[in-house]
Amino acid sequence: MGILTDTYTLNTGADIPKIGFGTWQIPNGDEAYNATAFALKSGYRHIDTARVYGNEESVGKAIADSGIAREEIFLTTKLPAEEKTYEGALAKFETSLATLGVEYVDLYLIHAPWPWADRGGDYTKGNIQAWKALEEIYKSGRAKAIGVSNFSVNDLQAILDNGTVVPAANQIRFFIGSTQEDVTKFSQNKGILVEAYSPLATGRILNNPDVKKIAEKYDKTVAQVSIRYTLQRDTVSLPKSTHEEYILQNAAVDFEIDAEDMAFLDGLKDTEA
Ligand code: A2P
């Protein structure tokens, strides 16, 4: 079994492949369909999308057409960050399932603690309402696990204090030089799996000279070292690409960065060009 089928165990007991195919910024239609289809053909078994990416339709179609049994694929989608009501969250989930054309998702996340237009605003009450809806969905079996994304320690604490289900995952922006240590450690200590989105800093880490030095040492690319780093930090890695060459390269990360080099990478700052 290769790295694409290596798994972590969620606090629900379910397995989640350590590498997921990220689909943020891949337009619906041929691009999302072809990229997802190629990822599945190449052995990826974990696909990460969101209602707001606008590509659930093509992602779902690629899954359906893949011929791979539904239960062999781990599928995540997300509740739009603007939706902070109980009823609204239930309705948005139905829309996602219908658009994806699936009976269930493996993980359903609150996309962010605040609407994108009011980043940092306090929506604690709304998050608790939305979480109640996710708990209902979880109990119905149509989301096998539920979690959050972009949540801070305070945002998580409010869910832990007011909810009955501990989030299974917190998907955050996480890459070499930007690891949000406070929320990462808090999540991991509570058994909440951290998922790293933008493990390549949306491409902005690729020219970093320090990471390049490590990549040369291991005879790997900067992308591969960056993905491997996130895995060795016990996070799910969600690299995104529309190029077949990169989709393959990003899964060829079956090597080990030694402790000294991990410590060096841990210490890097301002890695985004
Ligand atoms: P593209 O989508 O054109 O293939 P992140 O995963 O951090 O969001 O980064 C995604 C960005 O990095 C995209 O612009 C993507 O390009 C690019 N990218 C993904 N994998 C690689 C790779 N192996 N080598 C170089 N660029 C990559």
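Keep in mind it's a predicted model, so treat the numbers as computed, not measured. The figures here come from the full heavy-atom set of this structure, side chains too, leaving out hydrogens, waters and symmetry mates. Read the numbers this way: they start at 1 and go in the same order the structure lists the ligands and their atoms.
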Counting from 1 in the order shown, the ligand 1 atoms closer than 4.0 Å to a non-hydrogen atom of His243 are 1 (P), 3 (O), 4 (O)
Those atoms of ligand 1 less than 4.0 Å from some heavy atom in Leu206: 25 (C), 26 (N)
To which protein heavy atom is [atom] closest, and what is the distance rounded to 0.1 Å?
atom                    : answer
atom 9 (O) of ligand 1  : Thr202 CA, 3.3 Å
atom 25 (C) of ligand 1 : Tyr246 CZ, 3.4 Å
atom 20 (N) of ligand 1 : Asn250 ND2, 3.0 Å
atom 2 (O) of ligand 1  : Lys240 NZ, 2.8 Å

Can you find an N/O atom of Leu200 closer than 3.5 Å to an N/O atom of ligand 1? yes
Does Thr221 have a heavy atom less than 4.0 Å from any atom of ligand 1? no
Can you tell me if Pro239 contacts ligand 1 (heavy atom of the residue under 4.0 Å from the ligand)? yes
Would Lys78 and Glu195 satisfy salt bridge (Lys or Arg N to Asp or Glu O under 4.0 Å), going step by step from the backbone distance to the final call? CA-CA 13 Å; Lys78 311 184 190 89; Glu195 297 191 288; over 6 Å; no
Below 3.5 Å, can you tabulate the donor-acceptor pairs from side chains in residues 106-113 to any protein atom, sequence neighbours excluded?
| unit_1 | atom_1 | unit_2 | atom_2 | d |
| --- | --- | --- | --- | --- |
| Asp106 | OD2 | Arg70 | NH1 | 3.2 |
| Asp106 | OD2 | Arg70 | NH2 | 3.0 |
| Asp106 | OD2 | Leu75 | N | 2.8 |

Do Glu56 and Ser96 have side-chain N/O donor and acceptor atoms under 3.5 Å apart? yes
Do you know which of Ile16, Asp15, Leu4 makes side-chain contact (heavy atoms from CB on, under 4.5 Å) with His46? Ile16
